[in-house]
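Read through the structure below, which is laid out as structure tokens, and then see the notes.
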Amino acid sequence: MAKVFIYPATSLILSDLVARFGHKPLGAALGIRERIQTAGVDSPPLQITPEEPKRGLKYAAVEVPSGVRGRMAIYGPLIEEAEAAIIVTDADLAFGCMGCARTDELILFTLRQSGIPILELKYPSDEEEGIQFVAAVRKFLDGLPKEEGEA
């Protein structure tokens, strides 16, 4: 089972597709779940500690807005953990809004520099493209290892 970073990271549809085809989706739900369940988070609904923006400095310079650093404190470790990624461009807001254009640019740059296998797809605009979209995702995921030593 490969760990697959999904973009948009908030897409439940993409997360479900990755899981249905036997892999572990890495996205916002996983990163935020960790923070909610971790002792010491004392600022609901923000669900961050004062250390989060500092951790974000590993992924974004100090001159970058703190919101970007805070988001990268969540997404950066997931990208490091990822063994593959699926990027969907031109997605409808209902597919998964990331909420910050600068964070989006940094995530895409980081993913493309990571050297992991990446599938980039355009969001489908009709039923036929939707069928092709799912088929492309399945083909990509079928090519990833499902168990240790398997291809």
Side-chain angles (χ1 to χ4, degrees), residues 1-38 41 46-124 129-130 132-151:
M1 166 173 39
K3 297 174 183 175
V4 181
F5 186 85
I6 58 169
Y7 177 89
T10 56
S11 175
L12 295 177
I13 295 168
L14 198 50
S15 181
D16 182 62
L17 275 175
V18 170
R20 282 179 191 243
F21 294 125
H23 298 283
K24 181 179 180 180
L26 299 177
L30 185 63
I32 292 172
R33 178 178 170 234
E34 270 179 31
R35 276 136 188 93
I36 291 171
Q37 293 181 338
T38 301
V41 175
L46 299 176
Q47 307 299 351
I48 65 169
T49 66
E51 298 303 310
E52 293 293 327
K54 292 176 191 172
R55 282 190 205 117
L57 285 171
K58 179 177 180 180
Y59 309 100
V62 72
E63 294 87 6
V64 172
S66 62
V68 173
R69 288 194 315 273
R71 287 177 182 93
M72 288 307 294
I74 293 172
Y75 297 127
L78 295 175
I79 293 170
E80 286 182 5
E81 186 180 349
E83 299 165 325
I86 299 175
I87 298 171
V88 179
T89 59
D90 300 329
D92 184 276
L93 288 178
F95 187 73
C97 175
M98 293 288 286
C100 177
R102 297 299 164 243
T103 304
D104 289 355
E105 291 173 6
L106 185 53
I107 287 171
L108 292 174
F109 175 79
T110 305
L111 283 170
R112 290 176 179 138
Q113 298 299 311
S114 69
I116 61 175
I118 297 174
L119 173 66
E120 288 196 49
L121 297 168
K122 186 173 181 272
Y123 183 75
E129 286 182 9
Q132 293 170 0
F133 177 91
V134 173
V137 169
R138 182 177 189 165
K139 183 178 179 184
F140 176 74
L141 294 173
D142 283 347
L144 299 175
K146 290 203 178 183
E147 307 231 350
E148 290 274 327
E150 209 180 291

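Reckoned from all heavy atoms, side chains included, excluding hydrogens, waters and symmetry mates.
Here the straight-line distance linking atom CG of D90 with atom CG of L121 works out to 11.5 Å at 0.5 Å rounding. To the nearest 0.5 Å, the span separating CG on L78 from CZ on F5 amounts to 6.0 Å. Once rounded to the nearest 0.5 Å, the distance linking CG of L111 with CD1 of I79 reads 4.5 Å. Distance CD/E129 to CD/Q132: 6.5 Å, rounded to 0.5 Å. Put simply, CZ on F109 and CG on D104 are 15.0 Å apart, with the number rounded to the nearest 0.5 Å. Rounding to the nearest 0.5 Å gives a distance of 11.5 Å between CZ of R138 and CZ of R20.
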(message) Quick one, K24 with E83, criterion side-chain contact (heavy atoms from CB on, under 4.5 Å). Give me CA distance, side-chain angles, the key distance, then yes/no.
(response) CA-CA 10 Å; K24 181 179 180 180; E83 299 165 325; over 6 Å; no
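Nearest heavy-atom pair across P8 and A91 is CG-CB, 4.3 Å. Of all heavy-atom pairs spanning V137 and L119, the tightest one is CA-CD2, 3.8 Å. For the residue pair L144 and A84, the shortest heavy atom distance occurs at CD1-CB, 3.7 Å. Closest approach of L141 and V18 over heavy atoms only: CD1-CA, 3.8 Å. The shortest heavy-atom contact between T10 and A28 is CG2-CB, 3.8 Å. For E120 against T89, the heavy-atom pair with the smallest separation is OE1-CG2, 4.5 Å.
Proximity of I74 to R71: side-chain heavy atoms (C-beta onward) are nowhere separated by under 4.5 Å. In this structure, the side chains of I107 and M72 come closer than 4.5 Å at one or more pairs of heavy atoms. Taking the side chain as every heavy atom from C-beta outward, L17 and F133 approach each other to under 4.5 Å. Side-chain contact between E80 and Y59: present, with at least one pair of heavy atoms (C-beta onward) separated by less than 4.5 Å.
One N or O on the side chain of T110 and one on the backbone of L106 form a donor-acceptor pair closer than 3.5 Å. A donor-acceptor pair is defined here as one N or O able to donate and one able to accept, closer than 3.5 Å; such a pair exists between the side chain of R69 and the backbone of V64. Of the possible donor and acceptor atoms, one in the side chain of H23 sits under 3.5 Å from a partner among the backbone N and O of A2. Between the side chain of S15 and the backbone N or O of L12 there is no donor-acceptor pair closer than 3.5 Å.
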